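To keep things clear, I will list the structure first and then write my remarks on it.
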Amino acid sequence: MKGQKIKFTYVELHKRATKPIAAEFLRNLIKILPHTVLTDDGIQFTNQKRHKYAFQHIFDRVCKEHNIEHRLTKILGKLNETLKNTTVKKHYYQSHQQLTKHLYMAYNYAKRVKTLSGLTPFEFMCLQCS
């Protein structure tokens with residue numbers, strides 16, 4: 001398994017999607033596990049095509065500060081739909097904190113990933129560190 005890419009889902013819920021919130025999200029992620037980051041091409045994550053050369057986006061600046069590769073995908077709709085289907089469409093949460101905890105636990109400790117030989121991301125990371 002050495003050299004295999006680790007797939008790890010990190011989720012935070014916010015009332016708004018802004019550039020500073022996206023940058024803080026990235027800083028929080030870096031504290032946990034620095035790696036390549038895949039985001040959609042939303043304005044909170046990257047410059048729009050018409051602003052491509054105007055300035056370096058704050059999200060990209062944070063990536064650069066921490067030597068993290070930032071890759072873009074056109075849309076993360078499938079992941080977003082999966083998240084909704086396994087949480088708010090199936091469960092009632094009394095608080096935002098309950099939803100956040102469920103997302104974190106469901107994707108990092110419970111979901112088994114075929115490309116990780118059926119291990120959860122947490123189990124795979126533990127094996128890499130031992």
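Note that the coordinates shown come from a computational prediction; the quantities given were computed from them, not determined experimentally.
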[Y] side chain reached by [X] side chain, heavy atoms, under 4.5 Å:
{"X": "Phe59", "Y": "Thr39", "result": "yes"}
{"X": "Ile43", "Y": "Gln48", "result": "yes"}
{"X": "Ile58", "Y": "Pro20", "result": "no"}
{"X": "Glu12", "Y": "Glu24", "result": "no"}
{"X": "Val37", "Y": "Glu69", "result": "no"}
{"X": "Leu99", "Y": "Thr87", "result": "yes"}

Inset, instruction - Establish whether Phe122 and Met105 are linked, either directly or via other cluster members, by ILVMFWY side-chain heavy-atom contacts under 4.5 Å. - result: yes
Inset, instruction - Compute whether any side-chain donor of one residue and acceptor of the other, for Gln98 and His96, lie under 3.5 angstrom apart. - result: no
Legend entry - Side-chain H-bond candidate by donor/acceptor type, His57 with Asn47, under 3.5 Å: no
Rounded to the nearest 0.5 Å, what separation is found between the [atom1] atom of [X] and the [atom2] atom of [Y]?
{"X": "Phe45", "Y": "His70", "atom1": "CZ", "atom2": "NE2", "result": "7.0 Å"}
{"X": "Arg71", "Y": "Cys63", "atom1": "CZ", "atom2": "SG", "result": "12.0 Å"}
{"X": "Leu13", "Y": "Leu103", "atom1": "CG", "atom2": "CG", "result": "5.5 Å"}

Legend entry - Exceeds 12 heavy-atom contacts within 6.0 angstrom, atom NZ of Lys90: no
Inset, instruction - Return yes when atom CG of Asn85 has more than 12 non-hydrogen atoms of other residues, nucleotides or ligands closer than 6.0 Å, and no otherwise. - result: yes
Legend entry - Aromatic plane relationship, His102 with Tyr93 - under 30° parallel, 30 to 60° tilted, over 60° perpendicular: tilted
Legend entry - Donor-acceptor under 3.5 Å (Arg61 side chain, Gln56 main chain): yes
Legend entry - Leu38 versus Leu72, closest heavy-atom pair with distance: CD1-C, 4.0 Å
Legend entry - Chi angles and distances behind the side chain to side chain contact (heavy atoms under 4.5 Å, CB included) call for Gln44, Ile21: CA-CA 8 Å; Gln44 68 271 30; Ile21 288 173; over 6 Å; no
